Engineer: 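Got a structure here, written out as structure tokens. Questions coming.
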Amino acid sequence: MTDVTSTVVRLKLSLLRNGLRQSGGRRAAFIASAVLALLFAVLQLLGLVLLRGHPHADAVAVPAAAVLALGWAFMPLFFPSGDETLDPTRLVMLPLRPRPLVRALLAASLVGIGPLFSLLLLVGCAVAVAHGAAGYGVAVVGVVLALLVCVALARAVAAANVRLLSSRKGRDLAVLSGLVVAVGAQLVNFAARSLGSAGLGELAPVADVLRWLPPASAIGAVRSASDGSYGTAVLQLALSGAALALLVGAWARTLTRLMTAPDGSTLQAPDQAGRRRTSGGGGLGGLLPAGRTGTVMARSLRYVWRDPKTKAAWVTSLAIGLIVPVFNAVQGTGSVYFACFAAGMLGIQMYNQFGQDTSAFWMVAMTVSSARDAYVELRGRALALLVITLPYATLVTVLTTALLGDWHRLPEVLGLSFALLGAMLATGAWTSARFPYSIPQEGHRNVAAGQTGLAWIAIFGGMVAAALLCAPVITLTIALNVTAGGDAWTWLLLPVGAGYGAAITWAGLHAAAPRTAAHLPEILTAVSRG
């Protein structure tokens, strides 16, 4: 057992060390992220220690432990490539039994920045509620038990989904990370504002429930022991211990199945395969225009649905574009003009159009022999983007307006959104040809090494240019709102904004087409680097 455990721990350390040897950029990124994570953990530790003696300290410490466990449960699903040892099928050919392997992998899981971050946070939670010798004695056991439950939970969830995580469709789960981060950030912001006005006592009912759910029950046991409720403390520690035993048992059973059962996740039933082969056209293709324009639109929409990196960018933009105006409207601090944020977030998807093709762009380049061909290619990509962005921007604007009850501003906000979207399509087409960059297919990087400057210029430079292009519509909006009697004519901003957006898009596509046709080799070289 000791030999297996020490070997797996050394394997984990070797993986970390060899990964850092690959490049200086990777070392710098790891060191920077480690320093920031540990700094944040230390600040959390100090903040929790300062809560000692506060009447509602347990209302913070107990939910914090529960949130930490939730993060351990779901982060492996969002970032499956973050730890190579999460996939036990790589050890399937070795003569290892599940029980010793579970102990070895559990020990290896305690190596890294994540476990150290969790340990510091759990120590802070325990110190915040501990009083007296009994409280500190239970704190030592509770912190270790809570950390082991978090790690075992992460391993059990990852092992149960390892077949999915190791497949291409499974890696699409990383798409959800952008949505979770976007929603979570707004929920935290909303909760912080509520607590700021109501006080920490609002968390007390939640803490009363969580103190009986592992691993938060281990932190609850510290408070119980500090208050002299030793029987309650023992019961709460027992709950966490039972949860650890159940998780380890489930993990061992999953490992046994993975080590002995064949992988049928990639097998396809013959009748299903036959149906796919015999199915004809129709579907999306039947709704799109004929010729090259429809072909380009279909290809772009399939990228959105099938390519993990493209899908991740779209899901994140869709989520943030809705969350920012709606959450601000719900909190009563927003403006109906925040709805333009949706058009802006989705307009960014027009930037670096050729980068999402990566090395496959050579097939597109072979079909472009003139500026007219380039224009049709860019037009098809812009129309594919509009299929999603126009109804979505309209929906977000109507929803934000309804939440704020500011219906008389709906036409002008829609007009501004359409004008902004048109400006971003125009600048996005031009920057796609002028500043193309590669999107690596593996890992979580969205820009190939050495091309970060190009990405910043393309995106932020294009956004500034789009804002300047929208100046006429913005000026007209301000003029109508400050002029006496101008409110009666603000409805004109809807057709003006829509027409201006269409015109500026047409002009931008025509301006980008000659450069695209003339610099196809340079574009192909740039987007193929990753």
Side-chain angles (χ1 to χ4, degrees), residues 292-293 296-297 299-300 303 310 313-314 317 340 343-358 361 364-365 367-390 393 416-439 446-448 451-474 497-529:
R292 177 168 185 150
T293 298
V296 174
M297 291 179 66
R299 185 209 316 136
S300 298
Y303 275 142
T310 305
W314 272 95
S317 295
C340 296
M345 287 299 301
L346 296 183
I348 294 176
Q349 304 307 316
M350 187 64 187
Y351 294 85
N352 196 36
Q353 274 292 304
F354 307 129
Q356 66 182 4
D357 296 358
T358 62
F361 179 69
V364 176
T367 66
V368 177
S369 59
S370 64
R372 174 63 184 174
D373 292 337
Y375 169 75
V376 176
E377 175 72 24
L378 290 170
R379 183 182 63 186
R381 294 174 184 249
L383 289 174
L385 189 142
L386 288 172
V387 167
I388 302 174
T389 54
L390 275 180
L416 282 172
S417 295
F418 294 155
L420 175 61
L421 183 58
M424 297 195 75
L425 291 178
T427 56
W430 190 83
T431 56
S432 293
R434 180 63 181 82
F435 302 108
Y437 56 90
S438 177
I439 302 176
N446 291 318
V447 184
Q451 293 185 325
T452 306
L454 286 175
W456 282 90
I457 293 174
I459 296 176
F460 289 96
M463 291 172 64
V464 171
L468 294 176
L469 288 176
C470 287
V473 180
I474 295 174
Y500 183 82
I504 203 67
T505 300
W506 177 85
L509 295 177
H510 274 281
R515 180 174 182 85
T516 301
H519 294 82
L520 286 175
E522 292 89 339
I523 296 174
L524 179 59
T525 301
V527 303
S528 301
R529 286 188 58 181

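None of the values given here were measured: they were computed from a predicted structure. Values reported hereafter were calculated over all heavy atoms of this structure, with side chains retained and with hydrogens, waters and symmetry mates removed. Positions are given from 1 along the sequence.
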Engineer: I want to check something: taking the side chain as every heavy atom from C-beta on, are L346 and W314 in contact at a cut-off of under 4.5 Å?
Structural biologist: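 When only atoms from C-beta onward are counted, W314 and L346 do touch, with a gap below 4.5 Å.
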Engineer: Among V368, T367, V364, find the residue that satisfies the side chain to side chain contact (heavy atoms under 4.5 Å, CB included) test when tested with D373.
Structural biologist: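 Among V368, T367, V364, the one that satisfies the side chain to side chain contact (heavy atoms under 4.5 Å, CB included) with D373 is V368.
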Engineer: Minimum heavy-atom separation for L378 and M350, please, with both atom names.
Structural biologist: O-CE, 4.1 Å
Engineer: State the CG-CZ distance between L509 and R379, to the nearest 0.5 angstrom.
Structural biologist: 9.0 Å
Engineer: Could you give the distance from CG (D357) to OG (S300), rounded to the nearest 0.5 Å?
Structural biologist: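 The distance works out to 7.5 Å.
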Engineer: Do L386 and L425 have side chains that approach each other closer than 4.5 Å (heavy atoms only, starting at C-beta)?
Structural biologist: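 L386 vs L425: side chains touch.
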Engineer: Output, in order, the C-alpha distance, side-chain angles, deciding distance and verdict of side chain to side chain contact (heavy atoms under 4.5 Å, CB included) for L383 and V296.
Structural biologist: CA-CA 9 Å; L383 289 174; V296 174; over 6 Å; no
Engineer: Taking all heavy atoms of G380 and all of M297, pick out the closest pair and write down the distance.
Structural biologist: O-CG, 3.2 Å
Engineer: Looking only at heavy atoms, what is the nearest atom pair of L421 and A343, with distance?
Structural biologist: CD1-O, 4.0 Å
Engineer: Out of curiosity, Y437 OH to T431 OG1, how far, rounded to the nearest 0.5 Å?
Structural biologist: 8.5 Å
Engineer: Does a side-chain heavy-atom distance below 4.5 Å link T293 with V376?
Structural biologist: yes
Engineer: Do the side chains of F435 and I459 get nearer than 4.5 Å, heavy atoms only?
Structural biologist: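 With C-beta onward as the side chain, the pair stays apart.
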Engineer: Which residues satisfy the side chain to side chain donor-acceptor pair (under 3.5 Å) test with R299, sequence neighbours excluded?
Structural biologist: E377
Engineer: Return the CG to CD1 distance between N352 and I523, rounded to the nearest 0.5 Å.
Structural biologist: 10.0 Å
Engineer: Which side chain to side chain donor-acceptor pair (under 3.5 Å) pairs, counting each pair once, include a residue from residues 504-516, with sequence neighbours left out?
Structural biologist: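 Listed once each, the pairs are W506-H510.
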Engineer: Nearest heavy-atom pair of G508 and A429: which atoms, and what distance?
Structural biologist: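 Answer, listing the atom of G508 first, then A429: O-CB, 4.5 Å.
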Engineer: Which atom names give the shortest non-hydrogen contact between L420 and C470, and what distance separates them?
Structural biologist: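 For L420 and C470, the tightest heavy-atom pair comes out as CA-SG, 3.4 Å.
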Engineer: What class does the angle between the rings of F361 and F354 fall in, given that below 30° is parallel, 30 to 60° is tilted and above 60° is perpendicular?
Structural biologist: tilted
Engineer: Any side-chain to backbone donor/acceptor pair from R381 onto Q353? Under 3.5 Å, distance only.
Structural biologist: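 Yes, R381 side chain to Q353 backbone: donor-acceptor pair under 3.5 Å.
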Engineer: Could you list all the side chain to side chain donor-acceptor pair (under 3.5 Å) pairs where at least one residue sits in residues 417-427, not counting sequence neighbours?
Structural biologist: Y351-T427
Engineer: Give me the atom names and distance for the closest heavy-atom approach of A513 to A374.
Structural biologist: O-CB, 3.4 Å
